[in-house]
Amino acid sequence: MRIPTRKKPEVLSPAGNLRGLKTAVDYGADAVYCGGKAFGMRSAPKNLSLEDFEEGSRYAHERGARVYVTCNVLPRNNEIEAMREYIGQLKDTGVDALIVSDIGVMMMARQVAPNLELHVSTQAGVTNYQAANAFYELGARRVVLAREMDLQAVRDIRANIPDDLDIECFVHGAMCMAFSGRCLFSNYLTGRDGNHGECAQPCRWKYSIVEEKRPGQYFPIEQTENGAYLFNSQDMNMLGHLDDLIDSGATSLKIEGRAKSAYYIAAMTNAYKTAVNEYMIQRGFEDADGNILLPFHDRVIRPSDPDYGQGTEDQVMRNADAAFAGVADEGYDRAIATSDAPEPDGMSSHARSTRRKSNTTVEQIETDWKHAAVRPAPHVELPEWLLEETDKVAHRDYSTGFYYPERKVTQNTDRSAYFRSWLVVGEVLSWSADEGGRVTLMSRNKIEPGQQVEFLLPGERPLAYIVPEDGLRDADGTPVPAINNPAHVFSMPCPHQVPINAAIRSRTKKPTLKAE
C-alpha cells in the first residue's frame, strides 16, 4: 500500500533511524524523509536498512503518512551499477518516493522503479520555473527549491508550473553556507566528501589569521577572545511565517535534521503540524475537528487567472528584487523605504552598485515580466505557547533564511555553539491509572520534588506538571528523594494520562551554549 499525494500542506520531517521515523509519524508528520545505508547525503545518522524501510513504511502507511528515501548523492562512475541495484531493492520495500539530484540517477530510477515518485533534491539547484518544468517533463512530481529562493521566487515558480508539481521548501533547521548545499570545502580540507554524507562541517570551525613571519601566533579575524567563525550561518525558523510560505505555493514544509534526536524530531514536527492545522482552520479550509470545508488551494495568482497583474502588490513583491543583482539603486532604496524594515546590510548605494556592476539597469534586457502576486489574507495568528516551542530545542541563532530579502540569514562570527535552555529529563515508558495515576519513565537528567516539567504531547499543548513532594520510586518500588540516576527506570505520581515515549523536559537552571 502506498499513500497518495496530499491535497493540502505537508509537514515533512527528518529521521536518521527507524525510531526517528516512528517518532515523526507519532507526532503528526505527513511524510518522513530518511536515508539508507548508502547513497544519501548524511552519514552521521545510523540510517535505515532495507528491513527498516519495510517496517517503517508499514508503520507510516497505517497512520496515513508517507516515506521518502534520499538518493541525492552525485555518484561517481564506479558507483552507477551499485546505485541501480540499490534502487531496485528500494522499490520493493514499500517506500513512496526517491529524492534525487543527478539527472542520470533520475532516469535510472524511472527505468528500475517506475512506481516510485521522483522528487528533485535541493542539490539540483532549482531556482526558476523553467528548470522545474523541465524536471516535470522528465518525470519528477516534486522539486525541492534551492534554499536561496525568496518568497517572491516561490510565488513566481508556483504560478508557472503545473498544479500537480509539488514545491518543497525548507522551513526549519541548519542552513548550509554553500549554494544549495553544493560544497567541496570539507573534501578539500579533510578528505571527507560532503557529497557522500561525510561532511566535517568546516564552515562551523573557529578561524584565526597567522602572519607568514610569525608562525604560531594566531590572531582572531574579529577581535574577540574566541576567534571568528567565518561561515557559521544562522538556523532557519519559519514557524511564525508559515502562512506566507503556504500562501505563496509551497506544497511541502521540510524540517531539516536527520542527525537530530528523537526529541528534536518530536518537538519540531508537533510544532509545525499544529501550525499547519491552525492555518487550515483560520483560512477556512477545515474546522477544528479536521473536517474539510473547502478544497485547499494556495493564494498565488496564475497568468491564466483574470486578475493576474492587477494591483495586488505587497511588501514581499516590493522587496523581491532587492535579493538579487540587477535592481537599480533607487529601486532598492524605494523598496526599503516603503517597508517597515531597516536597511538590511548597511551598504551604501555605491557599494551596492559595485556589487551589481555586471547587471546594471542599462545592461538589462527589457521584458514584460510580471511577478506573480498573492491574494491578500489576514495573518494567521499562532498561540504564544506554540511559537515558544522552537526555543525548547537546541539551536543556533534563528533567522527566516532568504525568504525575506530585507532580513535574510547572516553568519554568527563569534560562536558556533547551540543555545540550550531546556533539557530532556526523562522519557515515558508507561502510564497506569493505579494509585490515582502513575508514570514510569527512563531518566535522562535529574528530576526532584517541586520541579516543573513538561510532557510533550502529540497534537496538543505540552502538559505542564509540578513534580510532587513525595511518591518518587526506583524500579524496585523503593521510595527515593529524587530521580538522579540517568538511564535508570523510575516512577512518580501523575494523574494525567500521558503516551508512551513522550519526552519529559524541564527548563535548565542556567541557559547554556554547547556544541552539538
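Reckoned from all heavy atoms, side chains included, excluding hydrogens, waters and symmetry mates.
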Asks: Do the numbers put R63 on top of the ring of Y59, so that NZ or CZ is under 6.0 Å from the six-membered ring centre and no more than 45° off the axis?
Replies: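 That pair qualifies as a cation-pi contact.
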Asks: Find the distance between OG (S13) and CD1 (I255) and round it off to the nearest 0.5 Å.
Replies: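 If I round to the nearest 0.5 Å, the distance is 4.0 Å.
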Asks: For S121 and S101, test the side chains for any donor-to-acceptor distance below 3.5 angstrom and give the result as yes or no.
Replies: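 No, because no side-chain N or O of S121 sits under 3.5 Å from a partner of the opposite role on S101.
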Asks: For the residue pair E381 / H379, report whether a side-chain donor-acceptor contact shorter than 3.5 Å exists.
Replies: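 Short answer, no.
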Asks: Assert yes or no for the condition that the ring centre distance of H172 to Y398 is strictly below 6.0 Å.
Replies: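 Between H172 and Y398, the centre distance is under 6.0 Å.
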Asks: Any chance you could measure M83, atom CE, to L90, atom CG, to the nearest 0.5 Å?
Replies: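 Rounded to the nearest 0.5 Å, the CE-CG separation comes to 9.5 Å.
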Asks: Quick check: are there more than 12 heavy atoms from other residues, nucleotides or ligands sitting under 6.0 Å from CG of L138?
Replies: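 Above 12, so yes.
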Asks: Answer yes if the side chains of H61 and D96 hold a donor-acceptor pair under 3.5 Å, and no otherwise.
Replies: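 Distance-only check passes for H61 and D96.
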Asks: How many angstroms lie between CG in D305 and CD in Q310, if you round to the nearest 0.5 Å?
Replies: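 Between D305 CG and Q310 CD, I get 10.0 Å after rounding to 0.5 Å.
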Asks: Side chains of S49 and D52 only: does a donor on one sit below 3.5 Å from an acceptor on the other?
Replies: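 Their side chains do contain a donor-acceptor pair, which is all the 3.5 Å distance test asks for.
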Asks: Ignoring hydrogens and angles, tell me if any N or O in the side chain of R76 forms a donor-acceptor pair with the backbone of I80 under 3.5 Å.
Replies: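 A pair under 3.5 Å: no.
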Asks: Rounded to the nearest 0.5 Å, what separation is found between the CE atom of M106 and the NE2 atom of H119?
Replies: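 With rounding to 0.5 Å, CE (M106) is 10.5 Å from NE2 (H119).
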Asks: Report the residue from I246, L12, D30, L239 that forms a side chain to side chain contact (heavy atoms under 4.5 Å, CB included) with L253.
Replies: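 Going through the options one by one, the only one that passes is I246.
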Asks: Do N237 and T390 pass the side-chain hydrogen bond (donor to acceptor under 3.5 Å, both in side chains) test, and can you show the C-alpha distance, the side-chain angles, and the key distance before you say yes or no?
Replies: CA-CA 8 Å; N237 177 5; T390 56; 3.2 Å; yes
Asks: Could you please spell out the steps behind the side chain to side chain contact (heavy atoms under 4.5 Å, CB included) verdict for D298 and S248?
Replies: CA-CA 7 Å; D298 60 68; S248 297; over 6 Å; no
Asks: Closer than 3.5 angstrom, by distance alone: can the side chain of D287 be matched with the main-chain N or O of D289 as a donor-acceptor pair?
Replies: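 Looks like yes, one N/O pair under 3.5 Å.
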Asks: Using the six-membered ring of Y136, assess whether NZ or CZ of R141 lies under 6.0 Å from its centre and within 45 degrees of the ring axis.
Replies: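 Judged by the rule, R141 and Y136 form a cation-pi pair.
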Asks: Can a side-chain donor-acceptor contact be found between Q152 and D156 if the only test is distance below 3.5 angstrom?
Replies: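 The criterion, which ignores hydrogens and geometry beyond distance, is satisfied for Q152 and D156.
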Asks: Using a distance-only test with no angle check, is there a side-chain donor-acceptor pair under 3.5 angstrom linking Y68 and R66?
Replies: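 Looking only at side-chain atoms, R66 and Y68 do form a donor-acceptor pair, the distance falling under 3.5 Å.
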Asks: With respect to E10, which candidate in K273, R142, K254 satisfies the salt bridge (Lys or Arg N to Asp or Glu O under 4.0 Å) definition?
Replies: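 Exactly one pass, corresponding to R142.
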Asks: Quick check: Y403 with H241 (ring centres under 6.0 Å apart)?
Replies: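 Centroid separation for H241 and Y403: 6.0 Å or greater.
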Asks: Could you check whether any side-chain heavy atom of K370 comes within less than 4.5 Å of a side-chain heavy atom of Y308, counting everything from C-beta outward?
Replies: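 Yes - at least one pair of side-chain heavy atoms lies under 4.5 Å apart.
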Asks: For a side chain to side chain contact (heavy atoms under 4.5 Å, CB included) check, start with the C-alpha distance between N133 and E137, then their side-chain angles and the critical distance, and finish with the verdict.
Replies: CA-CA 6 Å; N133 283 324; E137 292 298 323; 5.6 Å; no
Asks: Test side chain to side chain contact (heavy atoms under 4.5 Å, CB included) on L145 and V154; report intermediate values, then the result.
Replies: CA-CA 8 Å; L145 297 188; V154 179; 3.9 Å; yes
Asks: Is there a donor-acceptor pair under 3.5 Å between the side chain of S252 and the backbone N or O of E168?
Replies: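 Not a single qualifying donor-acceptor pair exists.
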Asks: Anything under 30° is parallel, anything over 60° is perpendicular, the rest tilted; go ahead and classify W369 against Y129.
Replies: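 Taking Y129 first and then W369, their aromatic rings lie parallel (interplane angle under 30°).
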Asks: To the closest 0.5 Å, what do you measure between OG1 (T70) and OH (Y33)?
Replies: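 These two atoms lie 9.0 Å from each other.
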Asks: Report the distance from atom CD of E55 to atom CG of L18, rounding to the nearest 0.5 Å.
Replies: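 It is 4.5 Å, given to the nearest 0.5 Å.
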Asks: Which of these passes salt bridge (Lys or Arg N to Asp or Glu O under 4.0 Å) with R155: D314, D247, D244?
Replies: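 The option that passes is D314.
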Asks: Under 4.5 Å between any side-chain heavy atoms of T122 and R147, yes or no?
Replies: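 Answer yes - side chains close enough.
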